[in-house]
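These numbers come from the heavy atoms of this one structure, side chains and all, not from hydrogens, waters or symmetry mates. For clarity, every value in this text was computed on a predicted model and none was experimentally measured.
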Amino acid sequence: MRSYIVFLLLFSIKVAAKALCRVRLEWLREADDPWSDLRVLALLNHTSLFEPVFLAVVPSRVLWHLATHGVVPLADKTAARPILGRLFLLIAKHVVPVTREKDDTWEEVLRQVQDPEAMLIILPEGRMMRRTGLDLQGNPMTIRGGIADILRAMPDGRLFIGYSGGLHHIQAPGERFPRPFRSAWLGAEVVDIEEYGRELGGSECAETFKAAVIEDLTRRRDAYCYRSR
């Protein structure tokens, strides 16, 4: 029953997003059926809790896969929100509230992705960019190492990398209401997880691989997230 509820919610968000926001998807590299065989969907340049508007360009078959096998690590701070928190707890089959520490909550995420059909959504920066260009504590936005843990735990399939052009013009952190009928840009590419891990030394030291993933995703984010401006 939960899978049907999750799918109906995701599909409703997709329909609403199409009606209220003009989302332009730009594939940065060609790929045969880029929505197939996805295991990890990573969105870079996390700027707003209204990033579900990007569901406007996601095929319904992917939404169904999220409803039946999706895994989402959700910040416990977001999960505790009275309205949005309850909504975000229904955006995948398994939504796991996590802390900022590498504790048993993160181990639960890694356990859930052992499902050979699991599809995980992750925001590798782990927190939102404020209008200052920094996070809530005034620190630069950096990639966290959790994405490397996920790629080591899911060594097959494909990684979808989404590059958000930013959503502060729709809703910035701290603002209560979004501004409808605005445009949003999403760049995207897919890479083979096994090949990506091999290129970055995934079979070697875990910490070395983590540093390589952070460096690579930081480079990609800085190169692509602002090209629409």
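You'll find the side chain of V6 stays beyond 4.5 Å of the side chain of L66, heavy atoms only. Looking at R144 and R100, their side chains come closer than 4.5 Å, going by heavy atoms from C-beta outward. In this structure the side chain of R81 never reaches within 4.5 angstrom of the side chain of L87, judged on heavy atoms. For the pair L43/L186, a side-chain contact is recorded, criterion being any heavy-atom separation below 4.5 Å from C-beta on. For the pair W35 and V58, the minimum side-chain heavy-atom distance is below 4.5 Å. Two residues are said to be in side-chain contact when any heavy atoms from C-beta on lie closer than 4.5 Å; F160 and V40 fail this criterion. By the 4.5 Å heavy-atom criterion applied to side chains, L44 and P124 are counted as neighbours. Looking only at side-chain heavy atoms (C-beta outward), F88 and I91 come within less than 4.5 Å of each other.
M141 and L134 end up in different hydrophobic clusters when Ile, Leu, Val, Met, Phe, Trp and Tyr side chains are linked at under 4.5 Å. Linking Ile, Leu, Val, Met, Phe, Trp and Tyr whenever their side-chain heavy atoms come within less than 4.5 Å puts Y4 and M119 in one cluster. I5 and V72 are not part of a single hydrophobic cluster, where members link through side-chain heavy atoms under 4.5 Å apart. Taking hydrophobic clusters as Ile, Leu, Val, Met, Phe, Trp and Tyr residues chained together by side-chain heavy-atom distances below 4.5 Å, L63 does not share a cluster with L20. Under the 4.5 Å side-chain contact rule for hydrophobic residues, V62 and L8 do not share a cluster.
Put simply, CD on E215 and CG on L200 are 9.0 Å apart, with the number rounded to the nearest 0.5 Å. The structure places NE2 of H65 at 14.5 Å from OG of S60, a figure rounded to the nearest 0.5 Å. Here the CD atom belonging to E175 is positioned 10.0 Å from the CZ atom belonging to F50, to the nearest 0.5 angstrom. Rounded to the nearest 0.5 angstrom, L49 CG and E51 CD are separated by 8.0 Å. In this structure, the separation between CG on L41 and CG on L123 is 11.0 Å, given to the nearest 0.5 Å.
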(request) Using the side chain to side chain contact (heavy atoms under 4.5 Å, CB included) rule, take E125 and I143 through it: C-alpha gap first, then chi angles, then the decisive distance, then the call. (result) CA-CA 4 Å; E125 291 155 312; I143 305 295; 3.8 Å; yes
(request) For V190 and W27, run side chain to side chain contact (heavy atoms under 4.5 Å, CB included): C-alpha distance rounded to whole Å, both residues' side-chain angles, the deciding distance at 0.1 Å, then the answer. (result) CA-CA 9 Å; V190 292; W27 290 102; 4.3 Å; yes
(request) Begin from the C-alpha positions of L84 and T78 and carry the test side chain to side chain contact (heavy atoms under 4.5 Å, CB included) through to its verdict. (result) CA-CA 7 Å; L84 278 179; T78 301; 5.7 Å; no
(request) Evaluate the criterion side chain to side chain contact (heavy atoms under 4.5 Å, CB included) for residue pair T47 and Q171; output intermediate values, then yes/no. (result) CA-CA 9 Å; T47 59; Q171 189 264 353; over 6 Å; no
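When all heavy atoms are compared, the tightest approach of P73 to I121 is CD-O, 3.2 Å. The two residues T105 and V96 come nearest to each other via the heavy atoms O-CG1, 3.7 Å. The nearest pair of heavy atoms linking I170 to A184 is CD1-CB, 4.3 Å. When every heavy atom of A31 is checked against every heavy atom of R158, the shortest pair comes out as CB-NH1, 4.2 Å. The minimum heavy-atom distance linking L217 with I161 is given by the pair CD2-CD1, 4.1 Å. Here the closest heavy-atom approach between residue A42 and residue I147 is recorded as CB-CD1, 4.4 Å.
Salt bridge absent: R39 and E194 never bring a charged side-chain N and a carboxylate O closer than 4.0 Å. Looking at R219 and D216, a side-chain N of the basic residue comes within less than 4.0 Å of a carboxylate O on the acidic one, giving a salt bridge. In this structure, E195 does not pair ionically with R198, as no charged nitrogen and carboxylate oxygen lie closer than 4.0 Å.
Residues satisfying the ring pair (Phe, Tyr, Trp, His ring centres under 6.0 Å) criterion with W106, sequence neighbours excluded, are absent altogether. Applying the salt bridge (charged side-chain N to carboxylate O under 4.0 Å, His left out) criterion to E189, with sequence neighbours excluded, gives R29, R220. D33 pairs by the salt bridge (charged side-chain N to carboxylate O under 4.0 Å, His left out) definition with R61, not counting sequence neighbours.
With hydrogens and angles ignored, the 3.5 Å screen pairs no side-chain donor or acceptor of S48 with any backbone N or O of H168. Distance alone, capped at 3.5 Å, is enough to place a donor-acceptor pair between the R127 side chain and the T142 backbone. For the pair R130 (side chain) and P173 (backbone), a donor-acceptor distance under 3.5 Å is absent. Side chain of R2 to main chain of K93: a donor-acceptor pair is present (N/O by atom type, distance under 3.5 Å, no hydrogens or angles). No donor-acceptor pair under 3.5 Å is formed between the side chain of R24 and the backbone N or O of R22.
Ring to ring, F54 and W185 are not that close: their centroids are 6.0 angstrom or more apart.
Between Y163 and Y224, the ring planes are perpendicular. Angles over 60° get that label, and only those under 30° would be called parallel.
Tested against H94 for a side chain to side chain contact (heavy atoms under 4.5 Å, CB included), the candidates Q112, H69, E108 yield a single pass: Q112.
By the neighbour-count criterion of 12 heavy atoms within 6.0 Å, atom CD of Q114 is densely surrounded, having more than that number from other residues, nucleotides or ligands. Counting non-hydrogen atoms of neighbouring residues, nucleotides and ligands closer than 6.0 angstrom, the CZ atom of R131 exceeds 12 such neighbours. The environment of CZ in F11 is sparse: at most 12 heavy-atom neighbours from other residues, nucleotides or ligands sit within 6.0 Å.
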